[in-house]
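Please read the structure below before turning to the comments.
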Amino acid sequence: MIDLSKIVEKCRVYDKKAQKELYDVYSPVLFGICLRYSNSKADAEDILQEGFIKIFTKINNYSGKGSFEGWMRRIVVNTAISHYHKNKKHKEIYDIDEIKETEHEGSTFESLDYTKEELFSVINNLPEGYRIIFNLYAIEGYKHKEIAIKLNISENTSKSQYSRAKSKLKKMLEEISKQKIKNDK
Amino acid sequence: MTNKKYNIEDLFKDNLKDYSISPSNSVWNKINRKLFLKKFLKFNPTTFNLYYTILIGAITTIGILNINNKQQTPKLSNLQENKKAISQKTNSVTPIKTLISENINTEKKGELTEKENNLTIEKENKEKTTQINNLTTETLVNKITTKDNANFDVEKNNNSKLAKPSANFSASTYSACEPATIVFTNASENCNSFLWDFGNEATSKKANPTFVFKTAGKYTVKLTVYSGSIFSTIEKEIIILKRPKSNFILSNKNNLFKNDEIKFANLSTDFSSCKWNFGDGNSSNFTNPSNVFEDAGLYNVSLICFSKNNCSDTTLMKSLKIQENKYKILAPTALTPDINGASSGYLQKDEYSNSIFRPNFNINPSEYYLRIFNKFGSVVFESRDINYGWNGYYNNKPAPFDVYIWECTGKFSDGHEFIKTGNLTLLYLKNQ
């Protein structure tokens with residue numbers, strides 16, 4: 001069994017070999033996160049790269065308490081968010097008034113099986129703001145309050161954008177299902 | 001395809017939270033470059049020693065070199081003085097030459113004055129000059145030849161003193177697995193040059209060469225030793241054995257979970273036996289073994305293959321990820337059929353009944369197959385619908401009181417397969 005704590009100890013003194021080992025072990029999982037937050041592979045790789053540099057240079061801030069993987073995940077998520085802030089000015093901005101309607105449809109729905117690739121394509125096709133909020137809330141498990149602080153928006157905006165994101169996702173998934181049934185026939 | 005209810009959050013969370021995919025290779029290089037730059041530019045007391053001492057060292061060495069250059073110039077002038085001294089010495093030789101040439105010149109002058117009168121004298125003079133020339137060249141040639149002779153004599157003397165050369169060598173090993181690095185030690189006597197031939201058109205002139213035999217085969221290593229033109233050779237055979245090539249893959253392609261049987265497929269070639277090490281303390285000598293990891297975590301799995309000649313090759317699979325099993329399958333162990341009439345057998349998710357048996361899942365599988373056997377081995381019930389369980393009836397009658405065995409197989413949406421078995425006791429309550 002690989003001793004993660006040893007690798008972390010070595011990374012603390014900037015041991016090249018240990019850093020490479022850490023990268024080899026965790027880059028796939030962390031890259032999966034990056035892909036969720038970006039809509040292109042190139043962007044995701046940029047986030048991953050920045051994230052790993054933060055991990056390697058800030059490793060001494062890791063207290064040793066709690067899961068190291070969790071710590072790295074948080075760093076990568078935060079990197080993705082700051083990446084989003086950097087690029088935000090070029091992208092769409094939502095006004096709170098615009099998003100008053102909230103949908104009260106049930107969150108469960110009948111569906112066919114979806115492959116991971118399909119789920120990815122659906123997430124990647126969300127507008128960037130929706131995507132970040134959906135990722136943070138549904139997958140990373142952040143509270144709306146935390147998301148509001150992180151994204152510098154109001155808690156209500158987070159909630160309404162989340163529900164919009166969800167209904168958009170649902171529509172896209174249903175579209176895929178229909179397509180699949182058509183293909184089967 | 002089965003339709004099922006999904007919570008959209010769970011759908012994404014289950015499928016994408018731990019989604020792993022390798023980024024392209026260039027990312028690590030970029031990280032490395034950036035890290036190096038950051039480290040270099042940052043004035044860090046720990047890294048200070050390394051980079052800045054190198055810099056300071058470089059500056060000081062350049063300084064020292066400059067000073068040395070200045071000190072070397074006087075030495076050069078010394079040398080020039082020496083050269084001058086030498087040239088002066090050579091100048092002292094020139095008078096002799098000039099003497100000779102003067103002789104010739106005077107005779108040539110005589111030639112000119114008596115040109116009209118005596119052709120014969122001219123001829124004589126010519127003969128004389130040629131004689132003089134010949135004389136000088138002869139003496140020179142004589143000197144050279146005597147020198148050569150002297151040298152030759154010395155060589156001859158040496159040759160007569162030296163015995164015939166005898167070639168001999170030893171190798172660090174005469175039989176090894178490919179690719180083999182073999183050190184040859186010269187044990188030759190009375191020789192001053194060597195020529196090695198390693199039997200594959202590779203040669204060496206070193207006294208004690210080291211050679212890498214890359215591929216398996218029989219090689220004849222030939223050493224020729226020379227003493228002047230006399231030589232001696234010796235040949236020895238080196239056998240390079242074929243090394244097995246070890247390689248393996250996982251038979252389960254999907255996520256791996258603890259307490260599951262994980263199968264390994266051996267893809268090695270040219271091997272006769274192998275040894276597996278699963279990284280959890282377990283090992284195996286089987287060709288295609290399986291292992292059960294009892295804890296979640298990362299494991300390094302290694303396979304060492306041995307050939308008959310005891311050549312070995314190792315393959316290491318780094319960081320095999322074993323996950324906590326997120327799937328839970330629970331099943332009741334007893335069933336009370338409704339004797340008043342068979343129930344439909346259908347249950348919704350999270351619905352339970354004492355008169356219907358079915359295993360319960362925390363996450364519904366995408367494929368599902370349940371069979372229940374009696375003690376004679378015949379199937380009393382089967383179902384491919386997770387909501388359809390056994391009501392305890394067989395051939396439209398309540399099945400007899402007994403212990404039954406069930407087996408449930410299937411697949412989850414992420415491809416993880418499962419087989420679960422258990423036994424089930426049919427109970428009839430007295431007051432029913």
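A, B, ... follow the sequence lines: proteins, then strands. Residue 1 opens every chain.
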From NZ (B/Lys30) to CD1 (A/Ile53), nearest 0.5 Å: 10.5 Å

Can you tell me if NZ on A/Lys54 sees more than 12 non-hydrogen neighbours from other groups inside 6.0 Å? yes

Side chain, backbone, both or neither: which part of A/Val13 has a heavy atom under 4.5 Å from chain B? neither

Shorter than 4.5 Å, heavy atoms on both sides: which option in A/Ile33, A/Asp24, A/Ile123 has the most such pairs with chain B? A/Ile123

Against chain B, label A/Lys20 side chain, backbone, both or neither, depending on which of its atoms sit under 4.5 Å from a heavy atom there. both

Are B/Lys321 and A/Val29 close enough, and set up right, to give a side chain to side chain contact (heavy atoms under 4.5 Å, CB included), and what steps lead you there? CA-CA 11 Å; B/Lys321 190 174 182 183; A/Val29 173; 3.8 Å; yes

Value for CD1 (A/Ile139) from NZ (B/Lys13), rounded to nearest 0.5 Å, stands at 9.0 Å

Pairs in or reaching into residues 145-167 of chain A: which pass ring-ring contact (aromatic ring centres under 6.0 Å, His included), with residues at least two apart or in two chains? A/Phe134-A/Tyr162, A/Tyr137-A/Tyr162, A/His144-A/Tyr162

Nearest 0.5 Å, please: how far is CD in A/Gln49 from CZ in B/Arg33? 8.5 Å

Is the shortest side-chain heavy-atom distance between B/Ser319 and A/Val25 below 4.5 Å? yes

OG of B/Ser22 to CZ of A/Phe31, rounded to nearest 0.5 Å, is 9.0 Å

Does any part of the side chain of A/Tyr14, heavy atoms only, come nearer than 4.5 Å to the side chain of B/Leu35, both counted from C-beta? no

How long is the straight-line distance from CD of A/Glu21 back to NZ of B/Lys318, given to the nearest 0.5 Å? 4.5 Å

Side chain to side chain contact (heavy atoms under 4.5 Å, CB included) with B/Gln348: which residues, sequence neighbours excluded? B/Glu351

Counting neighbours of CD on B/Glu294 that are heavy atoms of other residues, nucleotides or ligands and sit closer than 6.0 Å, is the number greater than 12? no

Does a side-chain heavy-atom distance below 4.5 Å link B/Phe12 with A/Leu173? yes

Whether the B/Asn32 and A/Lys16 side chains hold a donor-acceptor pair (N or O, under 3.5 Å, no angle test) is what I'd like checked. yes

For A/Leu35, is it the side chain, the backbone, both or neither that has a heavy atom under 4.5 Å from a heavy atom of chain B? side chain

Looking only at heavy atoms, which two atoms of A/Leu48 and B/Pro23 are closest? And how far apart? CD2-CG, 3.4 Å

Under 4.5 Å from any heavy atom of chain B - which part of A/Glu118: neither

B/Ile419 atom CD1: more than 12 heavy-atom contacts under 6.0 Å: no

Relative to chain B, which segment of A/Glu50 carries a heavy atom at a distance below 4.5 Å: side chain, backbone, both, or neither? neither

Take atom NZ in A/Lys116; do more than 12 heavy atoms of anything else shown fall under 6.0 Å from it? yes

State the CG-OG distance between B/Asn25 and A/Ser27, to the nearest 0.5 angstrom. 9.5 Å

Determine the interplanar angle of the B/Trp28 and A/Phe56 rings, folded into 0 to 90°, and report it as parallel if under 30°, tilted if 30 to 60°, perpendicular if over 60°. perpendicular

Side chain of A/Glu45, backbone of B/Val27: donor and acceptor closer than 3.5 Å? no

